[in-house]
Amino acid sequence: MDWAYKALLTATTVALLLSVSQLFGRRLAGLLAGLPTVTAPALVWLALEHGAQDAARAAIGSIAGCALCALFALAYAHAARLRGVTAALLAATVASLLPLPASEWLDGRLLLAAVIAVAVVLAAARAMPARAPSAVAVVPALPRGEPWLTAGIAGLVSGAVSLGAPQLGPFWAGVLASPPLIAAAVAMRQHALGGGDAPLPFLHGYVTGLVGRIAFAAVFALLMLSLPVPLAACLAFVFGCALTWLTERLRRLRVSVLRPLRSRQA
């Protein structure tokens with residue numbers, strides 16, 4: 001029933017993020033989506049059921065998956081400004097799947113996987129398009145029941161992925177534990193309701209949140225070899241959240257410093 005648990009968790013998370021994006025801003029919803037909301041429980045269950053060695057390989061797979069998630073967000077952000085929801089989803093899916101076969105080379109290489117994933121996430125963050133100053137991308141209120149409809153679809157897809165993961169081995173189970181399903185569901189809905197610029201704040205926040213997901217998986221892989229799994233997961237999650245907060249603070253500081261300089265140059 002692990003697949004059903006992950007499907008329910010994914011569905012609930014998507015519904016909450018859609019609500020958060022309406023109440024507290026789309027960037028915050030993206031930050032929360034980037035964190036290991038679904039990945040963490042999947043790795044914990046894997047560690048408890050199959051042991052630390054398999055879970056460590058799965059954690060490395062989830063780190064590799066974070067790089068693919070960043071590519072998905074980057075491609076969707078650019079494609080959404082030019083095309084509709086279906087075309088943007090197709091472009092983002094292709095961009096995230098093309099490097100997938102090469103990801104197996106990272107199996108068992110924690111440090112290398114973390115370095116490559118962080119490099120890809122940071123590069124994607126810099127390459128994300130900025131919203132046009134003249135564009136007013138306001139996402140209308142979601143129709144009644146809409147968050148749960150989108151969430152239910154995302155949950156079914158997540159459950160199907162989880163159901164097939166055990167046959168693929170620990171590394172690929174980890175990759176599939178960190179797919180951009182939540183990002184896709186939320187970005188598509190915002191795109192459909194608010195136009196091509198509407199998903200940008202969410203996707204910007206999502207890419208930043210992936211830093212915390214990478215940190216969680218790396219720290220969890222190291223700590224669970226010497227600590228009880230629940231304690232290792234809690235410490236890794238706190239570290240991932242702290243690193244995400246620090247990254248966001250540094251971004252805001254950079255923006256606050258550069259904005260007056262650009263204004264004077266203009």
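Just so it is clear, the values below take in all heavy atoms, side chains as well, and ignore hydrogens, waters and symmetry mates.
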Heavy atoms, side chains only, cut-off 4.5 Å: are [X] and [Y] in contact?
{"X": "F237", "Y": "V219", "answer": "no"}
{"X": "Q190", "Y": "P201", "answer": "no"}
{"X": "Y76", "Y": "T93", "answer": "no"}
{"X": "R81", "Y": "L200", "answer": "yes"}
{"X": "L203", "Y": "L74", "answer": "no"}

Give the cluster check for [X] versus [Y]: same hydrophobic cluster or not, with ILVMFWY residues linked at side-chain heavy-atom distances below 4.5 Å.
{"X": "V207", "Y": "L97", "result": "yes"}
{"X": "W105", "Y": "L98", "result": "no"}
{"X": "L31", "Y": "F202", "result": "no"}
{"X": "F171", "Y": "L225", "result": "no"}
{"X": "L71", "Y": "L112", "result": "yes"}

Inset, instruction - Determine, step by step, whether V175 and L100 satisfy the side chain to side chain contact (heavy atoms under 4.5 Å, CB included) criterion, reporting the C-alpha distance in whole Å, the side-chain angles of both residues, the deciding distance to 0.1 Å, and the verdict. - result: CA-CA 9 Å; V175 174; L100 187 61; 4.0 Å; yes
Inset, instruction - Go through the structure and list residues passing side-chain hydrogen bond (donor to acceptor under 3.5 Å, both in side chains) with T208, not counting sequence neighbours. - result: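 Applying side-chain hydrogen bond (donor to acceptor under 3.5 Å, both in side chains) to T208 gives R27.
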Legend entry - Test log, rule side chain to side chain contact (heavy atoms under 4.5 Å, CB included), inputs L89 and F72: CA-CA 9 Å; L89 176 64; F72 179 94; 3.9 Å; yes
Inset, instruction - Using salt bridge (charged side-chain N to carboxylate O under 4.0 Å, His left out) as the criterion, list what pairs up with D54, not counting sequence neighbours. - result: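 Partners of D54 under the salt bridge (charged side-chain N to carboxylate O under 4.0 Å, His left out) test: none.
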Inset, instruction - Could you list all the side-chain hydrogen bond (donor to acceptor under 3.5 Å, both in side chains) pairs where at least one residue sits in residues 223-247, not counting sequence neighbours? - result: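 side-chain hydrogen bond (donor to acceptor under 3.5 Å, both in side chains) check on residues 223-247 returns no pairs.
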Inset, instruction - For Y206 and M128, run side chain to side chain contact (heavy atoms under 4.5 Å, CB included): C-alpha distance rounded to whole Å, both residues' side-chain angles, the deciding distance at 0.1 Å, then the answer. - result: CA-CA 11 Å; Y206 176 73; M128 290 284 286; over 6 Å; no
